[in-house]
Amino acid sequence: MDIDAWVWWLIGAVGLGIPLVLTAMPEFGMFAVGAVAASAVAALGGGIVAQVLVFVLVSVALIAVVRPIAARHRAGQVGQASGIDALKGRQAVVLERVSADGGRIKLGGEVWSARSYDADQVFEPGTKVDVIEIDGATAVVM
């Protein structure tokens, strides 16, 4: 049984796709796309030199173009806070008098229990305060 070259390239693409899924390394996916391109060249009757050349060129071009874009995208997401960390530094409105003993604020559309950071500070209803930390279910404000 004689298998055509384009089938071997597709088998190679699948083989490169397996470590892509297992390791989440996008480089394997770029090599797999290069193998699919080489398979197309083989199906169109290109020789082995043309197939290998297309594989290398497509793989290197994808790595050179896509990898820096992905790196910039990942770098932009590092500083994004989520959950209670995203509430730190936000502004809230006092609903019920806030002191070191407690009170209520409206933060991000929700009512939170709050206490003042400074024991001597008191905030009256309607005052805007800054959330400096979240302590359990209580916002510490200033």
Side-chain angles (χ1 to χ4, degrees), residues 1-119 121-123 125-142:
M1 175 159 99
D2 189 24
I3 299 177
D4 292 332
W6 67 271
V7 175
W8 285 114
W9 281 109
L10 287 180
I11 292 169
V14 171
L16 288 165
I18 292 170
L20 167 68
V21 173
L22 296 176
T23 64
M25 290 181 60
E27 290 81 4
F28 284 111
M30 295 174 209
F31 288 131
V33 172
V36 170
S39 174
V41 170
L44 293 173
I48 189 72
V49 173
Q51 295 169 30
V52 172
L53 191 60
V54 166
F55 171 73
V56 170
L57 289 175
V58 170
S59 299
V60 169
L62 284 172
I63 289 173
V65 172
V66 175
R67 195 167 182 216
I69 293 171
R72 279 195 307 268
H73 183 68
R74 275 193 304 255
Q77 294 179 345
V78 172
Q80 291 180 344
S82 62
I84 60 172
D85 291 330
L87 299 175
K88 294 177 186 174
R90 292 191 58 190
Q91 208 170 52
V93 177
V94 176
L95 298 176
E96 295 175 11
R97 187 172 194 245
V98 175
S99 65
D101 297 325
R104 296 252 184 240
I105 60 170
K106 188 167 193 171
L107 173 61
E110 297 178 345
V111 177
W112 281 72
S113 61
R115 64 179 162 78
S116 62
Y117 179 72
D118 187 3
Q121 237 173 353
V122 175
F123 301 102
T127 307
K128 291 188 178 187
V129 292
D130 293 319
V131 177
I132 57 170
E133 69 180 69
I134 302 293
D135 182 20
T138 303
V140 180
V141 299
M142 186 157 121

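On a predicted model such as this, the values are computed, not experimentally measured, just so you know.
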Say you draw a straight line from [atom1] of [X] to [atom2] of [Y]; how long is it, rounded to the nearest 0.5 Å?
X     : Y      : atom1 : atom2 : answer
Met25 : Met30  : CE    : CE    : 10.0 Å
Ile3  : Leu10  : CD1   : CG    : 11.5 Å
Ser99 : Asp118 : OG    : CG    : 11.5 Å

Indicate the atoms forming the closest heavy-atom contact of [X] with [Y], along with that distance.
X      : Y      : value
Gly17  : Ala32  : N-CB, 4.4 Å
Leu107 : Gln91  : CD1-O, 3.9 Å
Ser116 : Ala100 : OG-N, 3.1 Å
Leu20  : Gly29  : CD2-CA, 3.7 Å
Met142 : Gln121 : CG-OE1, 4.2 Å
Gln51  : Gly46  : NE2-O, 2.8 Å

message: Are more than 12 heavy atoms, taken from residues, nucleotides or ligands other than Lys88, located less than 6.0 Å from that residue's NZ atom?
response: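 Yes, NZ of Lys88 has more than 12 neighbouring heavy atoms, counting only those of other groups under 6.0 Å.
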
- prompt: With a cut-off of 6.0 Å (strictly less than), are more than 12 heavy atoms of other residues, nucleotides or ligands near CH2 of Trp112?
  reply: yes

message: Applying the side-chain contact (heavy atoms from CB on, under 4.5 Å) criterion to Thr127, which one of Ile105, Val98, Val94, Val141 satisfies it?
response: Val94

Using distance only, find each side-chain donor-acceptor pair of residues 53-63 under 3.5 Å and give its atom names and separation, not counting sequence neighbours.
from: Ser59; atom 1: OG; to: Phe55; atom 2: O; distance (Å): 2.8

Side chains of residues 133-140: which donor-acceptor pairs under 3.5 Å do they make with residues two or more places apart or in other chains?
from: Asp135; atom 1: OD2; to: Arg115; atom 2: NH2; distance (Å): 2.7
from: Thr138; atom 1: OG1; to: Ser113; atom 2: OG; distance (Å): 3.2

message: Could you walk me through whether Arg97 and Val122 satisfy the side-chain contact (heavy atoms from CB on, under 4.5 Å) test, starting with their C-alpha distance in whole Å, then the side-chain angles of each, then the deciding distance to 0.1 Å, before giving a yes or no?
response: CA-CA 7 Å; Arg97 187 172 194 245; Val122 175; 3.2 Å; yes

